[in-house]
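Right, one structure below, let's go through it.
The chains referred to below are lettered A, B, ... by the order of the sequence lines, with proteins before strands, and numbering in each begins at 1.
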Amino acid sequence: MVSRSDLQQITPYEWEIPVSHRPDMRVPVRLFASEELLQEITRDKSLEQAVNAATLPGLASAVLVMPDMHQGYGFPIGGVAATRYPEGVISPGGIGYDINCGVRLLASRLLYQEAKPHLEDLATALNQFCPSGVGTGGRQRFSLRETGEVCRNGSQWARRKGFASDQDLRRTEEGGRISGADPRYISPRAWQRGSSQVGSLGAGNHFIEIDLVESVFDPEAARVMGLQEGYLALQIHCGSRGLGHQVCSDYVKSLQSAVDRYGIQLPDRALVCAPMDTPEGEAYLSAMACAANYAFANRQVLSHQAREAFESVLAGRVKNWGLSLVYDVAHNIGKIETHSIGGKEIEVCVHRKGATRAFGPGAEDLPSEYGKIGQPVLVPGSMGTSSWVLRGTEGAMRRSLGSCCHGAGRVMSRSKAKKTIRGEDLRASLEKKGITIRAGSMAGLAEEAPAAYKDVDVVVDTVVQAGIAAPVARLKPLVVIKG
Amino acid sequence: MNTNSSGFEEVAHTADLEIRAWGKDLNSLFRAAADGMFHLSGIEEYEEGFSAIREEISLNAMDFEGLLILFLEELLYRLTEDYMLFDIKKLTINDNFSLKAKLRGNQIKSYQRDIKAVTYHRLNIKKSRDGYSVNIVFDI
């Protein structure tokens with residue numbers, strides 16, 4: 001176990017576990033946390049998992065962990081690790097089973113007062129138009145050939161199908177399409193699972209939310225993003241569904257033997273990896289890109305369906321409700337990026353597992369409108385609590401590999417949450433707060449209770465104080481759709 | 001199924017789900033792990049049905065941990081994709097890390113929870129005087 005005394009304070013919000021902590025560490029672990037959050041972080045095994053990640057071959061800088069960190073499998077959730085490209089390793093477990101799980105935010109032109117009478121209908125329509133829940137697929141099944149196109153082209157496929165606008169693509173990380181996707185590296189089972197799930201939300205912590213833009217802290221950045229106090233916004237959180245899960249399972253399995261072939265010693269088999277310049281590493285990179293593109297397309301189709309849901313309720317009642325994409329960002333992914341590390345520009349594969357890209361002003365891959373303000377960073381809170389819109393900073397480029405936190409972060413196990421919180425009670429208390437809920441399962445609802453998570457405001461305050469993001473707006477939930 | 005000599009229990013995990021399974025031999029350990037996984041999926045009863053089908057599977061791995069993952073993944077895939085719940089009628093585990101299983105499957109209408117994957121996290125089948133035990137983390 002890593003304890004509080006193993007941590008060296010660097011700044012009030014940055015801590016380090018030095019390489020001397022364990023003989024097999026190759027780089028230090030850097031942790032962004034307030035004193036308050038540190039108490040919670042040291043309670044589970046997440047820091048030990050970060051130390052394990054710091055043993056991977058080819059790491060170019062410290063393994064970073066964000067303040068929303070918690071225990072995962074292999075890597076901690078909230079972990080960021082950059083390995084030298086192409087000789088360093090890529091680890092499927094450092095990206096996660098839900099490849100390109102991510103969030104997008106859409107801004108509406110609907111004033112809360114104007115929309116209030118329609119919120120119940122909007123909740124029902126979103127629930128109908130956006131299939132969600134355990135084992136629920138999308139509205140149509142695609143042929144394997146078409147699913148291959150989804151994997152190759154991501155949101156560009158969606159645009160060809162009429163599900164996306166040019167602006168949607170421009171405001172999606174990587175334009176909604178990661179290059180190098182080669183469907184030949186996807187197993188028949190992954191195809192099978194993927195063909196029926198495009199445009200479906202899934203279950204677990206995935207959600208669609210209608211939010212109120214409650215407070216704006218940076219009027220200029222908010223204006224550029226299209227966010228205005230008193231207006232509604234929409235968030236969609238989901239990933240690559242069964243296709244992504246299958247890709248990760250397939251490669252975690254096949255890389256078990258690669259580790260021996262390349263003489264890699266690991267403290268945990270969940271960290272299996274292969275150098276990116278080997279056939280195994282290249283195969284996983286191609287397969288991961290397929291799943292990432294599938295996820296971009298999935299969120300795009302869900303956006304299209306959400307727009308249809310709004311239209312079905314509001315047409316003829318409200319003049320212009322908008323729903324333009326603010327940004328779509330991945331938080332489980334490996335990306336080839338160039339970062340300035342130790343005074344040198346180095347090409348690395350940044351593994352972000354439960355961490356969001358947060359590029360500062362002037363970074364490549366940002367649409368021109370965000371060039372000056374930096375990338376929108378979306379930090380959804382736990383169900384029923386605030387979500388935050390931040391923007392990436394120069395500080396993030398210097399100190400956190402252009403990365404930031406991705407949410408509130410769990411503190412309570414699902415079994416404990418289910419034992420201590422009844423879904424029906426939670427629903428009643430959320431409805432009392434004026435939040436409309438549509439949930440597939442009451443037990444599932446209880447597991448996602450706010451009490452099972454850290455306080456998102458404290459997490460956001462930490463990244464802001466640490467200088468790796470700046471606040472733009474806070475959102476308050478009005479309608480929550482969960483599988 | 002949950003007797004002293006074999007069984008499973010849920011272990012607290014912050015974000016995912018974890019079980020500890022145990023059995024007097026590998027055969028009962030594998031069966032207990034499958035029971036545990038189905039329990040987490042929200043399926044507790046093996047119902048007799050008219051649509052029962054019979055299947056045989058053969059799996060090979062590099063070690064028993066890998067074999068356990070393959071076995072659970074196989075059952076999980078058929079559950080989530082085909083809504084098929086399998087009862088393990090006969091299971092033979094060989095020393096060369098291979099297994100053969102005779103399964104009888106029943107169509108189910110629904111299950112309560114999507115399990116994304118069976119992970120290798122700290123996976124280690126432990127042998128003691130009383131038999132075998134293992135902790136398995138499921139990503140959900």
Who wins among [options] for the most heavy-atom pairs under 4.5 Å with chain B?
| options | value |
| --- | --- |
| A:Ser257, A:Ala417, A:Ala203 | A:Ser257 |
| A:Glu447, A:Lys45, A:Lys416 | A:Glu447 |
| A:Ile77, A:Asp98, A:Asn52 | A:Asp98 |
| A:Gly74, A:Gly444, A:Gly204 | A:Gly74 |
| A:Ser46, A:Ala452, A:Gly135 | A:Gly135 |

Partner residues of A:Lys253 under the salt bridge (Lys or Arg N to Asp or Glu O under 4.0 Å) criterion, sequence neighbours left out: B:Glu73
With a 4.0 Å cut-off, would you call B:Glu10 and B:Arg20 a salt bridge?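 The answer is no: the pair does not qualify as a salt bridge.
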If the threshold is 4.0 Å, N to carboxylate O, is there a salt bridge linking B:Lys116 and B:Asp114?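 So B:Lys116 does not pair with B:Asp114 through a salt bridge.
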Could you pull out all residues at least two apart from A:Tyr262 that satisfy side chain to side chain contact (heavy atoms under 4.5 Å, CB included)? A:Ala258, A:Ile264, A:Pro275, A:Thr278, A:Pro279, A:Glu280
Test side chain to side chain contact (heavy atoms under 4.5 Å, CB included) applied to A:Gln246 - qualifying residues, sequence neighbours left out: A:Ser187, A:Arg189, A:Ala190, A:Arg193, A:Asp250, B:Tyr77
Do the two ring centres, one from B:Tyr120 and one from A:Tyr73, sit under 6.0 Å apart? no
With a 6.0 Å cut-off on ring centres, are B:His13 and B:His121 close enough?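 No: the rings miss the under 6.0 Å criterion.
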For chain A, the option from B:Ile140, B:Val118, B:Leu79 that forms the most heavy-atom pairs under 4.5 Å: B:Ile140
Around B:Asp95, counting heavy atoms of other residues, nucleotides and ligands shown, do more than 12 lie under 6.0 Å from its CG?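 Open: at most 12 neighbouring heavy atoms sit under 6.0 Å from CG of B:Asp95.
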Chain A-proximal positions within residues 54-70 of chain B [heavy-atom distance under 4.5 Å]: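 Result: B:Met62, B:Asp63, B:Glu65, B:Gly66, B:Leu70.
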Any side-chain heavy atom of A:Met383 sitting closer than 4.5 Å to one from A:Leu445? yes
